[in-house]
Student: 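Submitted below is the structure of interest, expressed as structure tokens.
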Amino acid sequence: MNSVVFKIEKLVQEILDQIAIGQYPVVSIPSARNWSETELSGSTNALTLTSNSTTKNFVVRSYERKNGRYSFAVLCRLLSTVYRLLKTNSKSTKRDIYYGDVKFYQYQRNVDKAVDEIIALLDVPRYQLNIVSVAKGLIAGHVRFRDASGMLVDCNRAKQGTLIPNNIESIQDIWTDAQFLLIVEDDATFEKLVQSDCLQRWPPMILVTGKGMPDVSTRLLVRRIWEKYPRMKLFGLFDGDPSGIQIYLVYLCGSLELLSMNSILNLPSLQWIGILPTDIQRLKLPERVLQPLSDYDRNFVVHLKKRQFLVKNLPHVKAELEHLQQLDKKAEIQSLTAISDGFLEKVFLPSKFQLLSLYD
């Protein structure tokens, strides 16, 4: 916390120094990099900048430009809010900040944008600003942890899963006897598996969902579990479409937006078990449950295949993308119910686990 406070104080002093000599204050904010400047780190398999990347792109916020004064004011207001949160050891969500002064912020997106700019300016993850996300992810199965208040949370007792807290850094202890952890893309599949008897019938396991694209808290909790129990097998179940593949890559390698955090968030041993595009053909899923790729999907596949780290380090993903292009069709996890109602938990997943030697 002290280092972030120091960075804010240093930034504000630079702004004041500009004003003191009669200049309009200017702040240069590092902007997002391009995929062409990324690679996978040899030691962590996390997405990072290439070793020869020297390009620095900036967005300039200047009070001199009339059309930029409001954005500059929002940025300074948010810096003040973050400073207060840190000094008082309190937390807030972006939504709470917005509703704290709707008249000034005008739209939620203005708060979201300024928070992203502060993250880039200070080069810290959002949770270090004490701006937390609304709890989103769910976890169930053979795992217990002690939360920020010291309360013991047993995820095996909650019938609908346990909400993943948004202050993962405050979790004190984690215990599990699970042999594997399964990440599922959506909450509907999570609920289906929790309500079935698989948590009792399968070897001890942990089940997690980020409800689509995962938030930092979900990724950080899974990473902490894996770091404490590095021999635990990690499996991922995602829709057989470009978005599902993108979500898998975020869990596996990280994201462009959080380059500085990827090495503490990614899951290098995560195994993608479905739904693979090759599964669609292998299982002979009926045409009625398949959807044609949209123009957006087709363009997204082309975009994914252009990422050099994927071509160089993840040939299995590239091969599945090519198969998806050839099929020109996609399938959701729920498509498996077209074969039989319990096919997912009784046949598909057990066969995948056996193939990956879970039942050695």
Side-chain angles (χ1 to χ4, degrees), residues 136-143 155 160-161 164 178-199 201-215 218-219 221-223 225-226 232-253 266-283 285 289-291 304 314 316-317 319-321 323-324 329-359:
K136 175 187 175 189
L138 295 169
I139 184 168
H142 291 247
V143 62
C155 301
Q160 296 179 330
I164 294 175
Q179 293 183 27
F180 71 100
L181 184 151
L182 174 63
I183 298 170
V184 296
E185 178 177 339
D186 62 292
D187 51 335
T189 302
F190 177 91
E191 183 178 345
K192 178 181 176 65
L193 293 176
V194 168
Q195 291 179 353
S196 73
D197 63 348
C198 64
L199 289 174
R201 183 162 43 86
W202 294 345
M205 65 168 288
I206 300 169
L207 186 64
V208 172
T209 182
K211 296 182 180 178
M213 187 62 71
D215 58 4
T218 301
R219 295 172 61 196
L221 178 58
V222 177
R223 173 65 183 234
I225 293 171
W226 175 72
M232 181 185 296
K233 295 186 178 182
L234 305 179
F235 301 126
L237 177 66
F238 309 98
D239 287 337
D241 61 20
S243 296
I245 296 172
Q246 166 72 350
I247 292 171
Y248 163 63
L249 291 173
V250 168
Y251 278 111
L252 180 71
C253 311
N266 76 307
L267 303 168
S269 65
L270 179 64
Q271 300 182 70
W272 180 23
I273 61 174
I275 293 178
L276 308 178
T278 48
D279 286 333
I280 297 173
Q281 194 167 33
R282 180 179 63 84
L283 296 171
L285 290 175
V289 301
L290 302 180
Q291 300 177 43
L304 287 169
L314 304 172
H316 68 292
V317 178
E320 291 292 343
L321 285 169
H323 199 82
L324 190 63
K329 291 181 174 61
K330 58 186 178 181
E332 297 178 347
I333 299 168
Q334 286 75 22
S335 302
L336 296 177
T337 59
I339 298 176
S340 68
D341 187 47
F343 185 78
L344 172 66
E345 65 270 26
K346 293 178 181 177
V347 180
F348 182 81
L349 288 173
S351 67
K352 291 281 186 172
F353 296 151
Q354 188 169 26
L355 184 65
L356 295 166
S357 305
L358 177 63
Y359 296 120

Student: Measure the acute angle between the ring planes of Phe353 and Trp202, then classify it against the limits of 30° and 60° as parallel, tilted or perpendicular.
Tutor: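 Answer is perpendicular, since the angle exceeds 60°.
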Student: Within a strict 4.5 Å, meaning less than it, do heavy atoms of the Val347 and Ile339 side chains meet?
Tutor: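 Heavy-atom side-chain distance check fails, nothing below 4.5 Å.
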Student: Considering non-hydrogen atoms only, spot the tightest contact between Gly137 and Asp215 and give its length.
Tutor: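 What the structure gives for the nearest pair is N-OD2, 4.3 Å.
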Student: Supply the atom-to-atom distance Phe190 CZ to Leu138 CG, rounded to the nearest 0.5 angstrom.
Tutor: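 One gets 5.0 Å once the value is rounded to the nearest 0.5 Å.
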Student: Atom OG1 in Thr189, atom CD1 in Ile333: separation rounded to 0.5 Å?
Tutor: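 Output value for this atom pair is 4.0 Å.
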Student: Pair Ile273, Leu182 - check side chain to side chain contact (heavy atoms under 4.5 Å, CB included), show working.
Tutor: CA-CA 10 Å; Ile273 61 174; Leu182 174 63; 3.9 Å; yes
Student: Taking the side chain as every heavy atom from C-beta outward, state whether Met232 and Ile225 have any pair of such atoms under 4.5 Å apart.
Tutor: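 Sidechains of Ile225 and Met232: in contact.
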Student: May I ask you to decide if Gln179's main-chain N or O and Lys233's side chain share a donor-acceptor pair within less than 3.5 Å?
Tutor: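 Flag not set: sc Lys233 to bb Gln179 has no pair under 3.5 Å.
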Student: Check the pair Leu237, Leu344 against side chain to side chain contact (heavy atoms under 4.5 Å, CB included), reporting the backbone distance first and the verdict last.
Tutor: CA-CA 11 Å; Leu237 177 66; Leu344 172 66; 3.9 Å; yes
Student: Let me confirm one number: the CD1-NZ distance from Ile280 to Lys330, rounded to the nearest 0.5 Å.
Tutor: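 Rounded to the nearest 0.5 Å, the CD1-NZ separation comes out at 10.5 Å.
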Student: Do Ile183 and Leu267 have side chains that get closer than 4.5 Å, going by heavy atoms?
Tutor: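 Yes, side chains in contact.
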Student: What pairs of donor and acceptor atoms, side-chain ones from residues 243-252 against any protein atom, are under 3.5 angstrom apart with sequence neighbours left out?
Tutor:
{"from": "Gln246", "atom 1": "OE1", "to": "Arg307", "atom 2": "NH1", "distance (Å)": "3.0"}
{"from": "Tyr248", "atom 1": "OH", "to": "His316", "atom 2": "NE2", "distance (Å)": "3.2"}

Student: Mark yes when over 12 heavy atoms from residues, nucleotides or ligands other than Lys329 sit less than 6.0 Å from its NZ; otherwise mark no.
Tutor: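 Atom NZ in Lys329 is not crowded, with 12 or fewer foreign heavy atoms closer than 6.0 Å.
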Student: Once rounded to the nearest 0.5 Å, what's the spacing between atom CG of Leu221 and atom CD1 of Ile139?
Tutor: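 CD1 of Ile139 is found 4.5 Å from CG of Leu221.
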Student: Hey, could you give me the CG/CG distance between Leu336 and Asp341, rounded to the nearest 0.5 Å?
Tutor: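 Output value for this atom pair is 11.5 Å.
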Student: Which value, rounded to the nearest 0.5 Å, describes the distance between Met205 atom CE and Leu349 atom CG?
Tutor: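 Met205 CE to Leu349 CG: 8.5 Å, rounded to 0.5 Å.
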Student: Return yes if a side-chain donor-acceptor contact under 3.5 Å exists between Asp186 and Gln334, otherwise no.
Tutor: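 The criterion, which ignores hydrogens and geometry beyond distance, is satisfied for Gln334 and Asp186.
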Student: Give me the atom names and distance for the closest heavy-atom approach of Ser351 to Phe348.
Tutor: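 For Ser351 versus Phe348, the nearest heavy atoms are OG-O, 2.7 Å.
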Student: Within the structure provided, determine whether Leu324 and Pro242 are in side-chain contact (heavy-atom separation under 4.5 Å).
Tutor: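 The answer is yes; the side chains approach within 4.5 Å.
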Student: Taking all non-hydrogen atoms of both residues, which atom of Glu185 and which atom of Asp239 are closest, and how far apart?
Tutor: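 Result for this residue pair: OE1-N, 2.7 Å.
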Student: List the residues meeting side-chain contact (heavy atoms from CB on, under 4.5 Å) with Lys346, not counting sequence neighbours, and say none if there are none.
Tutor: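 Per chain and number, Lys346 pairs via side-chain contact (heavy atoms from CB on, under 4.5 Å) with Arg201.
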Student: Identify the two heavy atoms, one from Gly210 and one from Thr218, that lie closest to each other, and give their separation to 0.1 Å.
Tutor: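 Taking every non-hydrogen atom into account, CA-CG2, 4.0 Å.
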Student: Residues two or more places apart in sequence or in another chain: which of them pass side-chain contact (heavy atoms from CB on, under 4.5 Å) with Pro268?
Tutor: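 Here the qualifying residues are Asn45, Arg223, Trp226, Asn266.
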Student: Decide if atom CD of Gln271 counts as having more than 12 heavy atoms of other residues, nucleotides or ligands within a radius under 6.0 Å.
Tutor: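 Yes, enclosed.
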Student: What heavy-atom pair brings Phe180 and Pro203 nearest, and what distance separates the two atoms?
Tutor: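 Reported closest heavy-atom pair: CE2-O, 3.8 Å.
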Student: Please identify each residue that fulfils side-chain contact (heavy atoms from CB on, under 4.5 Å) with Val289, with sequence neighbours left out.
Tutor: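 In terms of side-chain contact (heavy atoms from CB on, under 4.5 Å), with neighbours along the sequence ignored, Val289 is linked to Leu285, Pro286, Ser335, Ala338.
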Student: List the residues meeting side-chain contact (heavy atoms from CB on, under 4.5 Å) with Gln160, not counting sequence neighbours, and say none if there are none.
Tutor: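 None.
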Student: What residues, two or more places apart in sequence or in another chain, satisfy salt bridge (charged side-chain N to carboxylate O under 4.0 Å, His left out) together with Asp279?
Tutor: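 Salt bridge (charged side-chain N to carboxylate O under 4.0 Å, His left out) list for Asp279, sorted by chain: Arg282, Lys352.
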Student: Which pair of heavy atoms, one from Pro277 and one from His323, lies closest together, and at what distance?
Tutor: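 Closest heavy-atom pair between Pro277 and His323: O-CD2, 3.5 Å.
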Student: I'd like to know if the side chain of Glu320 reaches the main chain of Leu276, judged simply by a donor and an acceptor atom lying under 3.5 Å from each other, with no hydrogens or angles considered.
Tutor: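 Flag not set: sc Glu320 to bb Leu276 has no pair under 3.5 Å.
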